[in-house]
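To find a chain, count down the sequence lines: A is the first, B the second, and so on, and within it residues start at 1. Side chains included, hydrogens not; waters and symmetry mates left out as well; all remaining heavy atoms used.
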There are 2 protein chains.
Amino acid sequence: MGMGQQRERGFKLTPQRAAIMAYLEGNRSHPSAEDIYAAVLEKYPMVSLATVYNTLEILKQMGKVTELNIDGERKHFDPEIEPHHHLICTRCKKIINVRKEFDLEVPRDISREFKIMDRHADFYGVCSDCDNGAEKAA
Amino acid sequence: MGMGQQRERGFKLTPQRAAIMAYLEGNRSHPSAEDIYAAVLEKYPMVSLATVYNTLEILKQMGKVTELNIDGERKHFDPEIEPHHHLICTRCKKIINVRKEFDLEVPRDISREFKIMDRHADFYGVCSDCDNGAEKAA
DNA sequence: TTCTCTGCAAATGCTTTGCAGAGGC
DNA sequence: GCCTCTGCAAAGCATTTGCAGAGAA
């Protein structure tokens with residue numbers, strides 16, 4: 001992920017932050033804050049959930065991470081910058097990337113009234129794991 | 001909204017539920033549960049937030065209302081069945097409909113693994129009210 | 001010293017749940 | 001009576017905040 005340009009004077013790359021960023025680097029599992037906390041905790045016991053949230057907030061502001069609202073129950077985070085879309089299994093909550101370009105232009109009467117900053121397509125479905133037998137992979 | 005076919009034996013159209021459904025009928029403001037509660041309360045003082053949530057859950061199951069996750073802070077509800085999309089002003093949180101058909105087909109390797117149940121495009125922007133002066137209409 | 005960061009714990013805010021009482025059939 | 005529904009209050013979770021102490025420059 002690289003700490004090239006930082007948010008502002010005074011940003012410190014602490015071990016906690018480095019661990020969080022290392023976990024996110026290249027990660028395509030769209031983890032929740034709790035997921036990140038649990039993962040980082042394994043290798044680096046000195047982290048608190050508050051620091052995870054704090055760091056995610058900063059990474060968001062730096063544009064290094066995107067917050068996903070596809071899951072109504074909790075937020076997920078995505079370090080991938082390239083534009084892409086998401087699909088969530090409504091049973092096991094697994095989120096996968098949908099790499100395809102969609103033509104998402106809003107009608108002109110809307111683009112006159114709104115400055116569009118972001119857009120994406122969300123897909124909701126059931127994965128084959130969940131569709132088969134009972135609800136494994138919950 | 002009409003109570004044609006109901007969820008199952010035993011569904012009662014109580015005054016509270018009727019008031020909630022009446023408020024939602026034709027409503028295009030994408031209200032949150034709290035919004036619905038406040039609005040219904042004006043005309044019908046005998047409602048509780050719990051009943052609003054309870055009713056929304058039932059309406060969702062009946063397919064008469066859709067839950068929107070476009071706003072990370074709270075859920076919004078939409079009684080419109082016709083497929084459409086949404087745009088939210090990230091400042092004032094106003095949500096408007098985007099009536100346009102987008103070609104949202106997932107790549108074949110994904111449709112093989114997932115049974116897609118729903119799909120839609122979400123747009124994030126800033127409305128002209130918020131973009132101009134300070135943050136009115138907060 | 002000065003400033004940012006951290007962990008902890010408390011506080012928020014949205015949503016859900018438990019439960020005893022009310023009302024309809 | 002039987003069953004569903006309601007309001008209230010408590011509980012549950014995810015997320016945020018306050019704060020004193022730790023650490024780097």
Side-chain angles (χ1 to χ4, degrees), chain A residues 3 6-23 30-62 65-78 88 93 95 138, chain B residues 3 6-23 30-62 65-78 88 93 95 138:
Chain A
M3 288 296 314
Q6 285 147 1
R7 184 179 47 146
E8 51 183 86
R9 254 176 46 64
F11 178 95
K12 286 184 189 172
L13 212 198
T14 65
Q16 287 88 335
R17 291 178 176 178
I20 292 168
M21 293 171 71
Y23 175 68
H30 313 90
S32 66
E34 198 81 42
D35 292 335
I36 296 169
Y37 174 58
V40 171
L41 209 51
E42 282 183 26
K43 294 193 173 177
Y44 195 85
M46 290 309 296
V47 204
S48 70
L49 231 198
T51 294
V52 170
Y53 275 108
N54 174 322
T55 301
L56 286 171
E57 177 59 32
I58 292 173
L59 292 176
K60 255 195 303 182
Q61 289 178 28
M62 298 194 307
V65 146
T66 295
E67 182 182 294
L68 306 184
N69 287 140
I70 194 174
D71 178 357
E73 293 173 30
R74 76 197 84 255
K75 291 173 180 167
H76 292 261
F77 299 86
D78 191 341
I88 185 171
K93 300 303 165 62
I95 297 173
Chain B
M3 289 297 312
Q6 285 147 1
R7 185 179 48 146
E8 50 182 86
R9 252 174 49 61
F11 178 95
K12 285 184 189 171
L13 212 197
T14 65
Q16 286 89 334
R17 290 179 178 177
I20 292 168
M21 292 170 73
Y23 175 69
H30 314 89
S32 66
E34 199 80 40
D35 293 335
I36 297 169
Y37 174 58
V40 170
L41 209 52
E42 282 183 26
K43 294 192 174 179
Y44 195 85
M46 291 307 297
V47 203
S48 69
L49 231 199
T51 295
V52 170
Y53 274 108
N54 172 322
T55 301
L56 286 171
E57 177 60 32
I58 292 172
L59 293 176
K60 254 195 304 182
Q61 289 178 28
M62 298 195 307
V65 147
T66 295
E67 184 183 291
L68 306 184
N69 287 140
I70 194 175
D71 178 358
E73 293 173 29
R74 76 197 86 255
K75 291 174 180 168
H76 292 261
F77 298 87
D78 191 341
I88 186 170
K93 298 304 163 66
I95 297 174

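Distance CZ (A:Phe11) to P (C:dC5): 7 Å, rounded to an integer number of Å. Protein atom CG of B:Leu56 is 15 Å distant from nucleotide atom P of C:dC14, rounded to whole Å. In this structure, B:Gln16 places its CD atom 11 Å from C1' of C:dA22, rounding to the nearest Å. Protein atom CG of A:Leu13 is 15 Å distant from nucleotide atom C1' of D:dG23, rounded to whole Å. Counting to the nearest Å, the P atom of D:dC13 and the NZ atom of A:Lys75 are 19 Å from each other. Following rounding to the nearest Å, B:Ile58 (CD1) and C:dT15 (P) show an atom-to-atom distance of 17 Å. In this entry the distance linking OH of A:Tyr37 with C1' of C:dC8 reads 10 Å, nearest Å. Going from atom CG of B:Asp71 over to atom P of D:dT15 covers 13 Å, rounded to whole Å.
You'll find the side chain of A:Phe77 stays beyond 4.5 Å of the side chain of A:Leu68, heavy atoms only. A 4.5 Å side-chain heavy-atom check between A:Asn69 and B:Ile70 finds every atom pair outside the cut-off. A heavy-atom distance below 4.5 Å is not found between the side chains of A:Val40 and A:Val52.
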Check: protein-nucleotides 23-25 of chain C nitrogen or oxygen pairs below 3.5 Å:
from: C:dG23; atom 1: N2; to: B:Lys12; atom 2: NZ; distance (Å): 3.2

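Within the 4.0 angstrom heavy-atom criterion, no nucleotide atom of any strand lies near B:Glu34. Contacts of A:Glu57 with the nucleic acid, taken as non-hydrogen atoms under 4.0 Å apart, are absent.
Listed pair A:Tyr53 / D:dT16 fails the phosphate criterion, with no side-chain N or O lying under 4.0 Å from OP1 or OP2. Look at A:Thr14 and you'll find a side-chain N or O under 4.0 angstrom from OP1 or OP2 of C:dT6. Look at A:Arg17 and you'll find a side-chain N or O under 4.0 angstrom from OP1 or OP2 of C:dT6. The side chain of B:Arg74 places no N or O atom within less than 4.0 Å of a non-bridging phosphate oxygen (OP1 or OP2) of C:dG13.
Under the 4.0 Å criterion applied to side-chain N and carboxylate O atoms, B:Glu73 and B:Lys93 are assigned as salt-bridge partners.
Side-chain atoms of A:Thr51 never come within 3.5 Å of backbone atoms of A:Val47 as a donor-acceptor pair (strictly under, hydrogens ignored). Using modelled atom types, no side-chain atom of A:His30 and backbone atom of A:Asp78 make a donor-acceptor pair closer than 3.5 Å. Within the 3.5 Å criterion, the main-chain N or O of B:Thr55 finds no donor-acceptor partner in the side chain of B:Arg17.
Within residues 42-51 of chain A, the residues approached by DNA chain D to less than 4.0 Å at the level of any non-hydrogen atom are A:Leu49, A:Ala50, in residue-number order.
Listed by first then second residue, pairs satisfying salt bridge (Lys or Arg N to Asp or Glu O under 4.0 Å) with a partner in residues 45-60 of chain B read B:Glu57-B:Lys60, B:Lys60-B:Glu67, not counting sequence neighbours.
At a cut-off of 3.5 Å, with distance as the only test, a side-chain donor of B:Ser32 or B:Asp35 sits close to an acceptor on the other residue.
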